Structure formats: structure tokens, C-alpha cells
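Chain letters run A, B, ... following the sequence lines, proteins first, then strands; residues in each count from 1. Quick caveat, the model's predicted, so the values are computed rather than measured.
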2 protein chains.
Amino acid sequence: MPQESCAFACRFGRIDPRRVEVPRGTLVSTLMMSPLEHAGKTVTIREVAEEAGVSVGTVSRVLNAPATVRPATLEKVRAVIDRMGFQPDPRAQNMRRRTTMTVGFIINDITNPMHSNVFKAAEAELRPRGFTLHLVNTGGEPQREAAAIDMLQRGRVDGLMMTINSEQDAECRARLATLRVPGVLLDREVPVHIDSVMTDHATGMRQAVDYLIGLGHRRIALITAGTDISPGRERKRGFVEAFANRGIPCPEDLIRARHLSAAYGQRETSTLLRLADPPTAIIAGGNQILVGVLHAIQQQGIEIGRDLSLVTCDRTDLATTYPGPLTLIDRDVEAIGRTAADLLLERMAEKSVDPPRRVVFPTTLILGHSCGPPRPRAA
Amino acid sequence: MPQESCAFACRFGRIDPRRVEVPRGTLVSTLMMSPLEHAGKTVTIREVAEEAGVSVGTVSRVLNAPATVRPATLEKVRAVIDRMGFQPDPRAQNMRRRTTMTVGFIINDITNPMHSNVFKAAEAELRPRGFTLHLVNTGGEPQREAAAIDMLQRGRVDGLMMTINSEQDAECRARLATLRVPGVLLDREVPVHIDSVMTDHATGMRQAVDYLIGLGHRRIALITAGTDISPGRERKRGFVEAFANRGIPCPEDLIRARHLSAAYGQRETSTLLRLADPPTAIIAGGNQILVGVLHAIQQQGIEIGRDLSLVTCDRTDLATTYPGPLTLIDRDVEAIGRTAADLLLERMAEKSVDPPRRVVFPTTLILGHSCGPPRPRAA
DNA sequence: GGACTAATTTGAAACGATTTCATTTGCCTG
DNA sequence: CAGGCAAATGAAATCGTTTCAAATTAGTCC
């Protein structure tokens, strides 16, 4: 019966892909190797000490301060450690040292390529220093964010890197103000004593708008995050300033700054394109928004770069690949993650409390295929 | 000086976006709120006991077995706990309970949307049960994978979910064989006593190929992972079987199964398209490979769906958005993550060792805009 | 060889909870 | 009110490591 494919009628020409409900997975029991009795009788430092004929304190020093133990003893104890396969129990170390060698990473959505790239870079910086990362995905719900901060800082991590959903949320702000471990805020601005790594979204946006104005555009639309977080606020500011600098009236009616989501991007794009005097250029202020913008545009049969100019923020597979690379406001996401990790490492090392640091990263306008001179659209 | 944009010469018409090196971020010191002396004098159970006039054992029972304590005492102690803001130190709990309420997640690349979606789903399932996740990004390096397993299972986590880079790696296999904590393998097949969550890539591929054959294609190319991991092996098997079922000779020369990367996808696509008898359809067996395939195709000025049919694996923004949705082999990634978490939860709850379970998820062929009848390409 | 100093090592006390076990308390019945 | 039983409590052990004062050993000089 090689006719399986007949079940999938070809629906060439429709936009929406057919989404067939995926049934629950099948459970198959298998028996491979024997259970193997990995009894894992853990060896303790006490047993090592007894076996080596020394005290536990000496074994501890062999591991943590080898210089203070006589070479002969050192060698003897090390041999026993290797032979018995002893490894100190991290739980006991955490307990005694009041430390965990763990950093918490609280993020809105790890699925977002910007976030996962920041995480990756931070992890790459922290791992060689012996740190492991706890990742909490909050889905942008403030109470989960607050709960995550509470849970993690209570002896679970030595430091915290995070992005919160709204800078205005009282619960989160209160937690940040009384943080018990070093912390770094990512792209968020909260009037609290804490380090932060920011991006100069305003300048990036100003450059992009200026570029579009230079091409002849006046009806430029901006769709971006809400103004309760720095990226939304700064992008909007840069947008407005670009017009002001040129002495050209800003098309306030084309600014949409509410959410960072594909759905929002799609909805607002559809609305904008139906206006009596529609935009000749759209700036997608966020990589999720871009997805929505493109979906909306596809439904209208508009060709990007010819009928409509498009600028997006952040380098994603979609932005660099969409038939031809899009013009985009880029930033070095890896450097951001690395820097956040560095700031945290410093804070965790020296307990000095004073002054909070703030690192601002620049953006770069990268020209792609998605912009051209404005072209009046026929109705 | 609104002339900032003059620095960015419009390079309309070139494919490669201009990549300007982003300078290191600017460091700005700021002083906001006063240091706040969040001394955070931690309250211990001993202090609570003394304050409430009971023993530490009673306080512990108030928290862990409220039913065994007299209502009057319960209330009294709870009041003190609230007043002093006592929360048990997780480090001490871990120590005594021989547990951490933490699960390790070892992954190749968290930047891959499939991986991050699996993680997200698993986290959503585990968090309400009180578990937090350690995420280790290995970059696919076997020694890092082995090191991660070692580090995590040694008293740092209660369970482990993971994908390894190659099922053949001796180091990793050895670790898996002697795992001391419950574990779940994701999309990997290793002859070891461990649970796994798999995808039926072979059937998905067979359907896709059969669909293309039905459209008239014979020169179909497959670019996918190496055969040292289940996805590559299974996809290749399904590919071959589809032809066998139809009694049509399989174009072995068009099978490329080595790496899961954009670079590999781009390189192989370029090569394939330059063949004397090039493929009329390409199957991108992996979301990263898709990126490379599309980049290669763009360089040739080929129109997908007309000049060349394309099928991809896994639903990503790019796959659903690339001018029109692509035909794709879909799977329920969330269900996979959720199921992996469920398997692990069961194992962690009851210590029963026997038989390893294997859940196989089906795939679904979703028809988009990217396939059509084969069209001979003019040279 | 003895005295003194410096270098090692030891043993016990944390660290902060949970858990066990013996003891006390509270309650009920006869 | 005494006796018996169940429930509640407290004291102490435990988890595995680090740390620190005290004790031991080694080394040096006369």
C-alpha cells in the first residue's frame, strides 16, 4: 500500500497550510540491556579518609588546598581518591560553602532566537568558570517572574540574569529592589540598584528612519513593543526624533507600540495597509513582530522592496533569508550575553555593593533587499 | 546632523547584507537608589523554633507534615514563620533529603527552535511540580556532553533529559549505561537501559517522498543529518523505502546525510544544483538545513514551487513564512517535550528500574506552496 | 640531643534542615 | 481519678563537606 500520500490532498494555491491534529505518541515497551544495577554506592570523604589512613580534614585539603599538604601525603590520598572514584557531593559543598555555583536565567520566552542566543553566549562564558545555569521560562507572566526570583534567590543560585515583562510591575520591582544575590537586567530599565546591559535602540531606529526618509518615504509605520519596556520606549523615541531632526512632521498615526508578538504584528499590519493613506514603509520592531508583518503582507499580494519597504530589528534566519535579506537593525547578541555574564561574574567575585553599572550596546543598520523609493499603491 | 544614514550606502541588488563590525558596548556608571543594605539576614529554622517556643522538629513538621501537629501549635508556629519571613534553605534540604528538585537538560543548541520548544514544553510540565531545570548547551561536542552528564548526575539533579550528538560516541554511551539518575533520551537511540522519546521520521519521510513521486518527480534529493543519529538514519530509510514501495529506482546519488547545519545544507544544495542531471525536488531534512538550502537556492535565481519543489522538516517561522508556507513534515514538538517530562517524573517518583519505555511520535505531512510537478530546467 | 619554630595534621564544630525515637502530653473510658 | 492509648513534642542523629583551633610532626640550630 504505497498510496499513503493520497490522504494528503494537494491544496496548492491556498495560503494556510493544512494543520492535521497530531495524535498522541505511541508507547512501546522495550527491553534492551540488563538493568545493570547501577547501585552507585557513593563514596564519601570519610571513607576515603579511613582508607587512606588520614583524617577527613586532610582529604578535604588535598582537594581544596593541595599546597598545604605534604607531597607524600598528597600523593597517597590522591591515589585513594582515584582508586575509589571519589567525587565530593555538590549538595554538601553547597551547604557548607553557602554557595551553589549556579546562575539563574529568567526569561520571557526561550523560543525567541534573541533570548536563546543571549543565553547561549552567557552559558559559554559561565561554564568554563564552573557555573551552571538554571533557566526559567516565564511566558511573560509577572507573577511567574516574581515567583521565579523568589525561588531562585533563596539559596538556589549565586546570581541572576533576567528580563522582565514590564518595567512597571510592582511585584517585580519590589523583588529587584531587595535582591539578595547579584543580578543583571537585560534590556530593561528599572530605577533600582542593579547592573544592566542595554541596547541603544533609539539610535538604531533613528538611523533606520533617516534612511527611509532619505529614500523619499514620509508615511512610515512602526510596530513595536509597549512603552513600558525600554526597547519599545527607545524605538519610539528614535522614530520620533528622526523626523524632528529633519524638520518633517512625524506620522504619529502610524505608530503602534503595544506588544511584542507575531499576532500583534499581523493585526496591526493588516489595519495599517487598509488605511486610506497607508504607509509606504513599515518598521517591524522585533523579530516576532516581523513574522506577523510578513504573514499580513503575504495575504495582500504585496511585493516587499517594490510596493512596500520593510525594515526589521534583529538578525534572525527569517530576516536574512526571506527572499533576499531584509534591511535590519542589527546588534551583537552574543556580546550582550557575554557581557551580562562578565558583569555578574565580577559581582559574584567581589562582594562590593556600589555603583550599579550599565553597559549600552550600539546597533548597526544593515542594508538588504527590502527597501526602495516609495511607490504609490494602486487601489 | 541628521545625515547619519549617509554612512550606509544603499547596496540594493546585492545578496549579501553588509555586516558592519559592532564595536564593544559603552560602559556608563549610574547611581540610582541607595545600596539599600539588603543585608538579608537569613532566618533559620532554629531561630523560628526559639521565637515560637517550640523545638526545631516541630517547626519542620509544621512545614512538611502539618497533619501531625496540634492545631493550636500549628497556628502559633505559622504566625511566627510569617512574621519572621522564614523560608527553608534549599541547600540544607537538598543535603538532608538527598534530592535537589532539579532536572538537567543537555542539548546541542538551544538556539535551534525545535530544541527550545521541547525545553519550553518540558519546563512547563515540570515547574508546577516544583522542579527547576538546569540547561547545558554542549554545542554538539561529545566531551562536553560527557562532562555535562558527569557533572549533573553527581548530586546536582534528580533526573536528566538529553540529546547527544552521536549515538556512537563511546564516552557518552558509557555514561548512559551507568547513569545514576533517571534519564530520558530525545530522538536518540542507544542500546542502553533508558527511556526515550522518538519521532517516526521514517514514515514522515516516506509520505513526503511518495507525495513528490506522485507529482511526477524522480530526481529527488535528500539533505539531512548523519546516519549516526536516529533522525538521519530514519529519514534516509524512509526515503529509500518510498522508492522501493513504488518499484522505482532510488536516486542514491542525491542523498546527502552527514550534518545538521545550515552550512552543510547550503554547500550540498549548490553542488546538487550544478549536477548534469540535477534534482527536480529537494527535501531539507532539518530546520537548520533549510536555511542553507534557501540561501543556496536564492543565489541561483530559482523559484521554489515552480522550478524546484521543496519539502522541509519541522515547523519554524521560516518554513511557514517563506513567501508562502512550505510543504513540511510536521511533528508535535510540545507533546514531545511534555511526554519526556512525564516519563521522567514517573521514574523519579517510583524508583522502579525495569523496563525502559520508548514513546514514538508520528509526523504529519502538511502541504504548502513549495511543491509542484517537475519542470525541466533550462541550462 | 634538646629546644625552638615552622609546617602538617588532626578532631571536632559548624552549616541548616529532616527524621527517628523516646518521652511527654492530652484525651477518653471505666 | 487512675489507667491506657494515641497523638504531639523534643532531643539527638544525620547528611557530607569545610574550617579552625589545637596537637602533632618535621626541621633547624646550637
Visitor: If only side-chain N and O atoms of B:Thr58 are considered, is one of them under 4.0 Å from the OP1 or OP2 phosphate oxygen of D:dT9?
Guide: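 The answer is no; no side-chain N or O of B:Thr58 sits under 4.0 Å from OP1 or OP2.
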Visitor: Would you say C:dT9 has OP1 or OP2 under 4.0 Å from some side-chain N or O of A:Arg70?
Guide: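 For C:dT9, OP1/OP2 do have a side-chain N/O of A:Arg70 under 4.0 Å.
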Visitor: Does B:Arg96 make a side-chain donor-acceptor contact with the base of C:dT18, cut-off 3.5 Å?
Guide: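 Result: at least one qualifying N/O pair found.
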Visitor: Would you mind telling me which of C:dT9, C:dG16, D:dT18 lies closest to the side-chain atoms of A:Thr73?
Guide: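 That would be C:dT9.
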Visitor: Please test A:Asp158 against A:Thr99 for side chain to side chain donor-acceptor pair (under 3.5 Å), starting from the C-alpha separation and ending with a verdict.
Guide: CA-CA 6 Å; A:Asp158 295 342; A:Thr99 208; 2.9 Å; yes
Visitor: Using OP1 and OP2 only, check whether a side-chain N or O of A:Gln93 sits under 4.0 Å from D:dT18.
Guide: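 It does, given that an N or O in the side chain of A:Gln93 lies less than 4.0 Å from OP1 or OP2 of D:dT18.
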Visitor: Identify the two heavy atoms, one from A:Arg61 and one from A:Val69, that lie closest to each other, and give their separation to 0.1 Å.
Guide: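 What the structure gives for the nearest pair is NH2-CB, 4.3 Å.
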Visitor: CZ of A:Phe86 versus P of D:dG16: gap in Å, rounded?
Guide: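 Whole-Å distance recorded here is 10 Å.
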Visitor: Between A:Asn64 and D:dT18, is there a side-chain N or O to OP1/OP2 distance below 4.0 Å?
Guide: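 For A:Asn64, the contact criterion (side-chain N or O under 4.0 Å from OP1 or OP2 of D:dT18) is met.
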Visitor: Just N and O in the side chain of B:Arg97: are any of them under 4.0 Å from OP1 or OP2 of D:dT14?
Guide: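 So the side-chain polar atoms of B:Arg97 never come under 4.0 Å of the phosphate oxygens OP1 or OP2 of D:dT14.
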Visitor: Under 4.0 Å, heavy atoms only, any strand: does A:Asn94 hit a base, just the sugar-phosphate, or nothing?
Guide: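 Result for A:Asn94 = nothing.
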Visitor: So what does A:Ser60 touch, heavy atoms closer than 4.0 Å: a base, only the sugar-phosphate, or nothing?
Guide: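 Base, at least one base atom sits under 4.0 Å.
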Visitor: Start at the 5' end of DNA chain C and walk down; is the nucleotide closest to A:Ser55 or to B:Leu63 reached first?
Guide: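 By nearest-heavy-atom nucleotide position, the 5'-most residue is A:Ser55.
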Visitor: When all nucleic acid strands are considered with a 4.0 Å heavy-atom cut-off, which category describes A:Arg91: base, sugar-phosphate, or nothing?
Guide: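 The residue A:Arg91 makes no contact with any strand.
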